[in-house]
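For reference, the structure discussed in these notes is given below.
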Amino acid sequence: SGAVRVLTSGKGEKWSPRWVTSDVIGYASGGPQSGLEFTSNIAGARGEFNDPVWSPDGKRMLFHRDTAQNWPPVAPIASPDPRFRLLRAGIFPSFAASGDRVAFTTGFSAFLHNGLMVTSTDGSNRWLIHDDLEHNTVAPSWSPLGNLIAFASGGAFQGVLGQNRQTSNIAVVAPDGTGFRLLTKTEGNNGFPSWSPDGRRIVFRIQ
């Protein structure tokens, strides 16, 4: 644990903060005018951009949109562009820096109970590495160093669909499921962690 600094405030939903450059963080907003927002106060594109993540040079962005609810959630799907391979993943997918594994949460909805699963990118070698029956697992983020996966442990969706006050803290675990520990220990609602490019800092949403 270390110092915590608030980067943005105000009303409205703020989802999935991610580093764009070393000093700019982008995130998805909710509501009727939802879209991409940036701490540099530059307005981003409007529309559905779930779990956005930017390339190391900040010039390209990857995001997901729901296409189906069937299980298993990791499976290749047809791509309309031959330059790109498409992979349908589970909720809040996060790739290892090596590109050969992906972490995601296990449920059909983030509002339900979820554990943390890791698979190969073809859907094989599927392992449930963390599941706490008393705390939901939300929005995993794989460290660029490959040694840890950060996520929100608790109820990360307070005030949505009738949810009351929820407590959620940022946790980390190794890709093999060992070494679970909490990085924050508050009664607040902390969620949607993202690693800095050097793997030394984490940005996350607070409520």
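Remember, it's a predicted structure, so these values are computed and weren't measured experimentally. Note that the numbering runs from 1 along the sequence shown for the chain.
Applying the ring-ring contact (aromatic ring centres under 6.0 Å, His included) test to Phe49 and every residue at least two apart in sequence or in another chain returns Phe63. Residues forming a side-chain contact (heavy atoms from CB on, under 4.5 Å) with Ala174 (at least two apart in sequence, or on another chain): Asp176, Thr178.
In this structure, Leu182 and Ser153 approach most closely via the heavy-atom pair CD2-CB, 4.4 Å. The heavy-atom pair separating Ser29 from Glu37 by the smallest distance is OG-OE2, 2.8 Å. Between Gly188 and Thr186, the closest heavy-atom pair is N-OG1, 3.0 Å. Contact detail for Thr106 and Gly115: the closest heavy-atom pair is OG1-N, 2.9 Å. Scanning all heavy atoms of the two residues, the minimum distance from Val138 to Gly154 falls at CG2-O, 4.3 Å.
Side-chain contact between Thr119 and Val102: present, with at least one pair of heavy atoms (C-beta onward) separated by less than 4.5 Å. The side-chain heavy atoms of Ser194 and Ser16, taken from C-beta on, include no pair separated by under 4.5 Å.
Listed for the Ser94 side chain is no donor-acceptor partner under 3.5 Å among the backbone atoms of Ala103.
Heavy atoms from other residues, nucleotides or ligands lying under 6.0 Å from CZ of Arg46 number more than 12.
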Please table the atom pairs, donor to acceptor, closer than 3.5 Å between any side-chain atom in residues 139-152 and protein atoms at least two apart or in another chain.
| unit_1 | atom_1 | unit_2 | atom_2 | d |
| --- | --- | --- | --- | --- |
| Trp142 | NE1 | Gly146 | O | 3.4 |
| Ser143 | OG | Leu145 | N | 3.1 |

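With 3.5 Å as the limit, one finds a donor-acceptor pair spanning the side chains of Asp23 and Thr21.
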